[in-house]
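The figures that follow rest on heavy atoms only: side chains count, while hydrogens, waters and symmetry mates do not. Numbers restart at 1 for each chain; the letters A, B, ... are given by sequence-line order, proteins then strands.
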2 protein chains.
Amino acid sequence: MIPNSNKSASRKTRPTRNTPQLNLSGTGMRMTSQRALILEIVRQGHFDADEVYRRAREKMPRISLSTVYRTLHNLKKRSLIEELHFDEEHHHYEVKPSTEHHHLTCLSCGRVIEFQYPLARLIKRNVTEARDFEITETELRVSGYCARCREKGK
Amino acid sequence: MIPNSNKSASRKTRPTRNTPQLNLSGTGMRMTSQRALILEIVRQGHFDADEVYRRAREKMPRISLSTVYRTLHNLKKRSLIEELHFDEEHHHYEVKPSTEHHHLTCLSCGRVIEFQYPLARLIKRNVTEARDFEITETELRVSGYCARCREKGK
DNA sequence: CTCAGTGCAAAAGCTTTGCATAATA
DNA sequence: TATTATGCAAAGCTTTTGCACTGAG
């Protein structure tokens, strides 16, 4: 159902050691099955800790919530994932994108659409207050109502 | 200080009932001393519930934390204040601004600078994904290091 | 073989809720 | 006076932490 991560499909040599998704080598973190799983889940969407936990348990029933929290915390500390702040509850996570990207949220259906837009540059150029700042991050949250929901009556 | 909503400017009839700061009349909420105080505090900056509570207690030692939470919750529900989502802990609140404004946060000293910039318009024009959206809110968080902190060694 | 990572359970924060009392409209 | 709001205390959630055991390197 989910694109498989361990596929040494037709290879018969020894499995290459590059981890399927994100690679932890060089970060000082050991790669464990739990971490691989959590990373794989975070790659699939924006989830909060509890949702990651629920999904993880489907494949690894004995994984603990503390491991989820600790792993998310560690990955964030090493900048491998990012913490997002939606209007809703708590934090959501996603693997760190290489380019600036932002979020458009429909307040009616909850759909979240990602888009890219180079705002740092623009802000630095046009906002006096930001001129002397060394900008390391920008996060734009835009909310409103998507076309689909607007048509659908109301 | 705030453009008054109930204006009987030079009328000399009975004392107008406008509350000093934000006006709750017409919202169905009763004006109590606690709410006046909380509103006054929120006007002073971006605080989380606990900080509002600490400040409120200086003037009204017996105010309860639940009242703070309930009041913030009610004000938010009626859109008199807004909930902000910084990187840090929990929610912060501020009185609802009339124009789009955003936040620049120094990761070193924690200073938060507000600035205005009409992003909705720009996003709607330039981002395909947003074209069919009816945008009701935009919140941009920019973080980095302010000039002051960058000079200060490191 | 070592030390980082895990699971479990308990603790710690933050936020909400029930209920009797106090205060507003 | 009729409600609505408050204070207090207790409950509910989410997140963190201590510890002994397990497993990656």
For nucleotides 18-25 of chain C, 5' to 3', base contacts (B), sugar-phosphate-only contacts (S) and non-contacts (-) with protein non-hydrogen atoms under 4.0 Å give B----BBS
B/Thr105 side chain to B/Val112 main-chain N or O, any donor-acceptor pair under 3.5 Å? no
Below 4.0 Å: OP1/OP2 of D/dG23 and any side-chain N or O of A/Gln34: no
Would a single hydrophobic cluster contain both A/Phe47 and A/Leu75, if residues Ile, Leu, Val, Met, Phe, Trp and Tyr are joined by side-chain heavy-atom contacts under 4.5 Å? yes
What is the distance, to the nearest angstrom, from the CG atom on A/Leu65 to the P atom on C/dA11? 17 Å
What is the distance from NE2 of B/His73 to P of C/dT17, rounded to the nearest Å? 8 Å
Measuring only between side-chain heavy atoms, which start at C-beta, is A/His46 closer than 4.5 Å to A/Glu114? yes
Under 3.5 Å, side chain of A/Arg35 to main-chain N/O of A/Thr71, donor-acceptor pair present? no
Please list, chain by chain and in numerical order, all residues satisfying side chain to side chain donor-acceptor pair (under 3.5 Å) with A/Glu51, sequence neighbours excluded. A/Arg54, A/Arg55
Round to a whole Å and report the spacing from OH of A/Tyr69 to P of C/dA12. 18 Å
Does any N or O in the side chain of B/His102 come within less than 3.5 Å of the main-chain N or O of B/Tyr117, such that one atom is a donor and the other an acceptor? yes
Grab the CZ-P distance between A/Arg78 and C/dG5 for me, whole Å please. 7 Å
Report the distance from atom CD of B/Glu51 to atom P of C/dC14, rounded to the nearest whole Å. 12 Å
When the distance from NZ of B/Lys77 to C1' of C/dT16 is rounded to whole Å, what number comes out? 13 Å
Rounded off to whole Å, could you give me the OH-to-P distance for the A/Tyr53 and D/dT14 pair? 12 Å
Value in whole Å for how far the C1' atom of C/dG7 lies from CZ of A/Arg57: 13 Å
Students should find that the end-to-end axis angle of the helix from C/dC1-D/dG25 to C/dA25-D/dT1, with five pairs defining each axis and rounding to 10 degrees, is 50°
Any A/Arg35 side-chain N or O less than 4.0 Å from OP1/OP2 of C/dG5: yes
